[in-house]
There are 2 protein chains.
Amino acid sequence: MSKKRQDLINHAERLFYEYGFHSVGLKRVIDEANVALMTMYNHFNSKEELILAALKCREERYFSLLQEVVKQNQDSKTNALSLAEAHVDWIRTHKKGCMFLRAKEEYPSEESDINRYVIAHKKSLIAFLKKVNFNHQEAMRLALLLEGATSLSEVENVEEVSKELLCLVRHLF
Amino acid sequence: MSKKRQDLINHAERLFYEYGFHSVGLKRVIDEANVALMTMYNHFNSKEELILAALKCREERYFSLLQEVVKQNQDSKTNALSLAEAHVDWIRTHKKGCMFLRAKEEYPSEESDINRYVIAHKKSLIAFLKKVNFNHQEAMRLALLLEGATSLSEVENVEEVSKELLCLVRHLF
DNA sequence: GATAATATAATGACCATTCTATCTAAAGGT
DNA sequence: ACCTTTAGATAGAATGGTCATTATATTATC
């Protein structure tokens with residue numbers, strides 16, 4: 001993969017998450033990535049495609065984080081706790097909510113590729129949880145707790161929120 | 001209060017929630033509210049002030065909803081369940097996340113009045129819960145569950161999410 | 001006659017996207 | 001080593017649109 005392309009994706013992911021998708025212009029992205037405008041349009045056909053690439057990149061990183069901590073042949077409680085701890089590690093450095101939901105909110109049209117991608121991403125998360133021993137209700141329950149921790153960390157102390165999340169998972173699984 | 005002013009606030013709240021703050025221009029708001037541009041600037045000094053007024057209006061409606069269902073001298077479990085049910089009623093018609101967090105995400109500068117208002121709003125929610133018998137940990141816990149239900153309802157069936165929320169509250173309080 | 005609301009247009013800034021033309025650098029063949 | 005081809009990257013400007021905000025001047029309404 002081209003270095004310029006990866007630079008664009010990395011800076012796009014950072015800037016869009018920090019300031020929002022409509023607030024950040026392409027000029028800002030290419031300036032911080034040290035890439036010419038035409039180079040960007042050489043790699044991506046539009047701003048929306050760049051956003052999609054940034055989301056894809058983020059999705060891989062997040063799912064890798066979760067994948068690493070789940071072990072086969074482990075009871076539900078242990079896996080749930082490991083996943084919650086991994087998620088806590090994630091939100092410690094990502095206190096501005098879920099980038100995927102934010103993308104869906106800024107591109108609410110059901111025709112939008114971005115909107116569709118976000119829905120697929122969340123379905124993937126549920127599917128991943130089901131592949132790791134959880135039944136449907138447990139998967140939804142854990143997803144609800146993780147999303148709640150993500151949102152609450154936007155306004156409350158993230159360490160306190162994390163402790164509460166882990167406490168909840170211990171009680172419930 | 002002026003009818004035109006209230007029309008502006010109502011349509012602003014609806015449009016900003018549906019499509020996002022930066023995506024919706026003032027032209028769209030005043031057209032749908034049937035108000036002239038200068039009338040809008042007569043009532044509000046800027047777009048950000050209109051947004052603040054819309055958030056204030058929404059906050060009052062949401063807190064009224066919660067206020068109505070909590071009764072004094074009731075045990076924690078009953079109050080927690082009533083609040084969760086009230087919140088479920090809310091998200092049934094508001095499946096695009098928390099408008100306050102979305103505002104904070106689109107106006108991330110800590111100098112922004114909008115950002116400050118959202119933080120104050122969430123502090124108010126916690127404070128409200130504490131005034132209704134909940135200790136600090138219970139308030140944080142309930143807030144986490146409510147935020148989780150709000151987020152998850154953006155991508156999963158809201159009735160299913162609601163059932164799970166109520167189930168969780170029954171287990172935990 | 002005062003107050004509120006209107007329509008219209010101007011301002012200046014920013015936006016995504018496209019076009020043009022130049023430049024660099026590596027690759028391949030002789 | 002030298003030349004040529006090719007692809008990728010560059011700068012800069014143009015297009016056409018939208019945006020928030022301000023100014024001006026006119027119309028209702030009470």
Side-chain angles (χ1 to χ4, degrees), chain A residues 1-56 102-109 111-115 117, chain B residues 1-56 102-109 111-115 117:
Chain A
M1 165 130 24
S2 160
K3 166 167 164 33
K4 292 285 177 182
R5 184 189 165 89
Q6 197 56 55
D7 285 351
L8 281 166
I9 291 174
N10 291 341
H11 285 86
E13 185 190 338
R14 185 178 54 81
L15 287 169
F16 289 142
Y17 183 64
E18 180 124 24
Y19 301 107
F21 300 93
H22 285 91
S23 292
V24 173
L26 291 177
K27 178 156 184 7
R28 179 112 187 248
V29 178
I30 63 170
D31 282 355
E32 303 214 6
N34 263 89
V35 167
L37 179 62
M38 281 315 294
T39 304
M40 184 262 150
Y41 274 103
N42 212 16
H43 286 291
F44 308 97
N45 290 318
S46 64
K47 182 180 183 178
E48 299 210 0
E49 278 200 15
L50 175 60
I51 292 173
L52 279 169
L55 292 178
K56 205 182 191 81
R102 288 176 57 186
K104 183 170 148 64
E105 290 153 359
E106 286 206 43
Y107 295 87
S109 162
E111 317 300 317
S112 160
D113 287 340
I114 292 174
N115 194 299
Y117 186 86
Chain B
M1 166 132 21
S2 160
K3 167 167 165 30
K4 292 286 177 183
R5 182 189 165 90
Q6 196 57 55
D7 284 351
L8 281 167
I9 291 174
N10 291 342
H11 286 86
E13 186 190 338
R14 185 177 55 79
L15 288 168
F16 288 142
Y17 183 63
E18 181 123 23
Y19 302 107
F21 300 92
H22 285 91
S23 292
V24 173
L26 290 177
K27 180 159 183 4
R28 179 113 187 246
V29 178
I30 62 171
D31 281 356
E32 303 214 6
N34 263 92
V35 167
L37 179 62
M38 282 314 294
T39 303
M40 185 262 151
Y41 274 103
N42 211 15
H43 287 290
F44 308 97
N45 291 317
S46 64
K47 182 180 184 179
E48 299 210 359
E49 277 201 15
L50 175 60
I51 292 172
L52 279 169
L55 292 178
K56 203 183 191 80
R102 288 176 58 185
K104 184 172 147 61
E105 290 153 359
E106 287 206 41
Y107 295 87
S109 163
E111 316 299 318
S112 160
D113 287 341
I114 293 175
N115 194 299
Y117 186 86

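Every chain is numbered from 1 and lettered A, B, ... according to where its sequence line falls, protein lines coming before strand lines.
Residues forming a salt bridge (charged side-chain N to carboxylate O under 4.0 Å, His left out) with B/Lys27 (at least two apart in sequence, or on another chain): B/Asp31. Legend: residues meeting side-chain contact (heavy atoms from CB on, under 4.5 Å) with A/Glu106, ordered by chain and number and at least two apart, are A/Phe21, A/His22, B/Glu106. For the side-chain hydrogen bond (donor to acceptor under 3.5 Å, both in side chains) test, residues two or more places apart in sequence or in another chain that qualify with B/Tyr117 are B/Glu59. With sequence neighbours excluded, the residues satisfying side-chain contact (heavy atoms from CB on, under 4.5 Å) with A/Leu26 are A/Met40, A/Tyr41, A/Lys47, A/Leu50. Every residue two or more places apart in sequence or in another chain that forms a side-chain contact (heavy atoms from CB on, under 4.5 Å) with A/Ala53 is listed here: A/Ile9, A/Phe44. The salt bridge (charged side-chain N to carboxylate O under 4.0 Å, His left out) search around A/Glu48 returns none, not counting sequence neighbours. With sequence neighbours excluded, the residues forming a side-chain hydrogen bond (donor to acceptor under 3.5 Å, both in side chains) with B/Glu49 are B/Asn45, listed by chain and number.
Applying the salt bridge (charged side-chain N to carboxylate O under 4.0 Å, His left out) rule to pairs touching residues 34-43 of chain A yields nothing, sequence neighbours excluded.
Within residues 17-33 of chain A, no residue is approached by DNA chain D to less than 4.0 Å at the level of any non-hydrogen atom.
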Short N/O separations, protein against nucleotides 8-13 of chain D, under 3.5 angstrom:
{"unit_1": "D/dA9", "atom_1": "OP2", "unit_2": "A/His43", "atom_2": "NE2", "d": "3.4"}
{"unit_1": "D/dT10", "atom_1": "OP1", "unit_2": "A/Lys4", "atom_2": "NZ", "d": "3.0"}
{"unit_1": "D/dT10", "atom_1": "OP2", "unit_2": "A/Ala36", "atom_2": "N", "d": "3.0"}
{"unit_1": "D/dT10", "atom_1": "OP2", "unit_2": "A/Thr39", "atom_2": "OG1", "d": "2.7"}

Give me, pair by pair, the N or O atoms of the protein and of nucleotides 28-30 of chain D that are less than 3.5 Å apart, along with how far apart they are.
none

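Helix bend of the helix from C/dG1-D/dC30 to C/dT30-D/dA1: the angle between its two end axes, each built from five pairs, comes to 10° after rounding to 10°.
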